[in-house]
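Structure record follows, encoded as structure tokens.
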Amino acid sequence: MMNSSKYLRLVALALLLGAGLWLAGCESDTVAPHEDAPALTSEDVAYQTAAMGSSVGHVLPQLVEFSDTNKDEYSYTFPASSDITGTVYFDFRTGGADGTPATSDVADWGRLFTAEGEELSFEVGLGGSVELKFSVVADITRDPDTATLLVGSGGTFTAGDYGAVFSFADLVVVRDGDYPASGSMTFVSGDYSMTLTFDGTNIAVITFNEVVSWTVDLDDGTITPVS
Amino acid sequence: MKSILVATSKRQGLMTISLLSLAVLIFTWQPVVASDSLEDLLEQVGEDYAVSYTSPFLYAFGPNQNSGMYQTAHIPWGGLTFGFGVKVMATHLNVADQSFSKNIENVDLGDFDSDYAGDVGNVVMSGPTLFGDTETNGTITGYLHGIPVFRQETIPGLIDTRFVPLAAPEAYIGGIFGLKATVRYFPELEMGEYGKTKYFGYGLQWSPNGVLPTLPFDVMVGFFDQELKVGTLLETNAKTYFVGASKDFSLLRVYGGFAKDSSDMSVSYQYDADGSNVSFAVDGTQEKHMTLGVALNFLLGLNLEMNAGDLTTYSGGLMLGF
């Protein structure tokens, strides 16, 4: 028969073992702040949409303006005088996406993209900059030189701690055109989804919640509420 | 017999000198080196950044001070005992505490970049904490309408570690009616331009085993109060009330207990950018912790313990007792 002393020792040992296991499983709580970036307002996202829309007029016309005939060097680095910093790459073909690789001047299909880890940097009118990653495909029509972006074209937008995705619908860009001739871009940032519609002028409009809410000056990215 | 006593006395004398040397070495090195480099870094950032940057240090230091309070609950009721030694503690940080991200919303961006004076936006401060990556600088990014308009590099981590260390020389005297008084003390140390470093802590423990002789283990209650000043840069206070128990198993002693804690730390320095004096204080987050430890009844009573509260702190010590 187990005497009380041995019983107490066993209980103490079991308690110690349990306490040891409990302590061994402990990890310190976090004490340093880890806050998510401040929530954006709809106006903030409108500004981001405007910045993205302004960059489109600089980048996408390269689908029809690019003139290098060396097929091994199908890339274009934006000049220092541009608001854009970085390089875009091309794939030109005749006969559509599955067609024959071609030089840019005869291609009827084109793909413009940024390389992995080589986002474009776009100077925004506010004084800041955003990072852009493009992947667009387009049907190219010659005379006049136009490119109509196909479904699935789009990319990602990064503004510091904020990220967004954009996609194009029926967007048409023309040679020497400062602004997209027609079509739209849908810009999604968090819970906000906005559509920017182009008409060939420097003024585009942002539709939010099915209401035309802002106009955008594509020259400087400023927005004006539509009353 | 006489030669044995002489040898023992010499050995204890050597141990005494060694322990004192160790305590002096650890204690003088840590605040001088740490505060020197820390102040150099903090002087480059404002208060908001400094609070987040130092947060793991601010909150881990109190648990450090409030650990290693005892390694036995046995306190004689008759027969004077005294001893001294050194305690070493380290709070193990959550890996996430090696970095931080802090927002300041709806602020005049001109406070951070004069080009944006009058523009109201958000500022995101992020980067390594004091105990984060020493090769990477933090950043302060200003956002106007969701667009980053300026980005400033700040400071890297000071030491890349998850352990926040502290060492403390300690001495005790007790054995009268189950009472034991303990002090942690280091003489004032002049640190040049940073001023004087002072460390003092005191506490009292009482064991009721003298009036409850049938208890199968030793029990004890106590408190400890500490203050540490590191020049003009840091001042910390920590207080703990605890109840502990211990049980001897020949060469080994197992001990543990529960404690209620409080602590605070204040930091002061001069911000280089505008010459302003920055000063802030925070209260510790840890209000209680559990202790479990083992101590050897030989090898200078080497003890190792774990303290689990909001933060996990490990402690060890060597005590030479008489």
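All values derive from a computational prediction rather than experimental measurement. Convention: sequence-line order gives letters A, B, ...; per-chain numbering from 1. All values below come from the heavy atoms of this structure, side chains included, with hydrogens, waters and symmetry mates left out.
- In terms of heavy-atom proximity, A:Thr30 sits nearest to B:Asp97 at CG2-OD1, 3.0 Å.
- Rounding to the nearest 0.5 Å gives a distance of 11.5 Å between NE2 of B:His145 and CD of A:Gln48.
- Remark: side-chain polar atoms of A:Ser28 are paired, donor with acceptor, to backbone N or O of B:Thr312 under 3.5 angstrom.
- Contact tally against chain A (heavy-atom pairs below 4.5 Å) for B:Asp115, B:Thr313, B:Asn122, B:Asp310: the top residue is B:Asp310.
- Heavy atoms closer than 4.5 Å to chain A are found in both the backbone and the side chain of B:Asn103.
- For A:Val31, the parts lying under 4.5 angstrom from a heavy atom of chain B are both the backbone and the side chain.
- Applying the 6.0 Å contact sphere to CD of B:Gln44 captures more than 12 heavy atoms from other residues, nucleotides or ligands.
- If you measure heavy-atom distances from B:Thr129 to chain A, the contacts under 4.5 Å come from the side chain alone.
- No more than 12 heavy atoms of other residues, nucleotides or ligands lie within 6.0 Å of CG in A:Asp170, so this atom counts as exposed by the packing criterion.
- Top candidate by heavy-atom pairs under 4.5 Å with chain A, chosen from B:Ser101, B:Ser52, B:Ser55, is B:Ser101.
- Contacts between B:Tyr59 and chain A at a heavy-atom distance below 4.5 Å involve the side chain alone, from C-beta outward.
- The choice from A:Ala51, A:Ala37, A:Pro33, A:Ala46 that makes the most heavy-atom pairs within less than 4.5 Å of chain B is A:Pro33.
- Using a 4.5 Å cut-off between heavy atoms, B:Ser99 touches chain A through backbone and side chain atoms alike.
- Distance alone, capped at 3.5 Å, places no donor-acceptor pair between the B:Glu105 side chain and the A:Pro38 backbone.
- Between the CG atom of A:Asp161 and the OG1 atom of B:Thr139 there is a distance of 7.5 Å, given to the nearest 0.5 Å.
- For a residue to count as touching a neighbouring chain, one of its non-hydrogen atoms must lie under 4.5 Å from one of that chain's; by this rule A:Ser129 touches chain B with the backbone only.
- Interface residues of residues 201-212 of chain A toward chain B, defined by a heavy-atom distance below 4.5 Å: none.
- Contact of B:Arg151 with chain A is not made at all, since no heavy-atom distance falls under 4.5 Å.
- Looking at B:Tyr116, the atoms closer than 4.5 Å to chain A (heavy atoms on both sides) all sit in the side chain, from C-beta outward.
- Inspection of the B:Tyr143 and A:Asp44 side chains reveals no N or O donor paired with an N or O acceptor under 3.5 Å.
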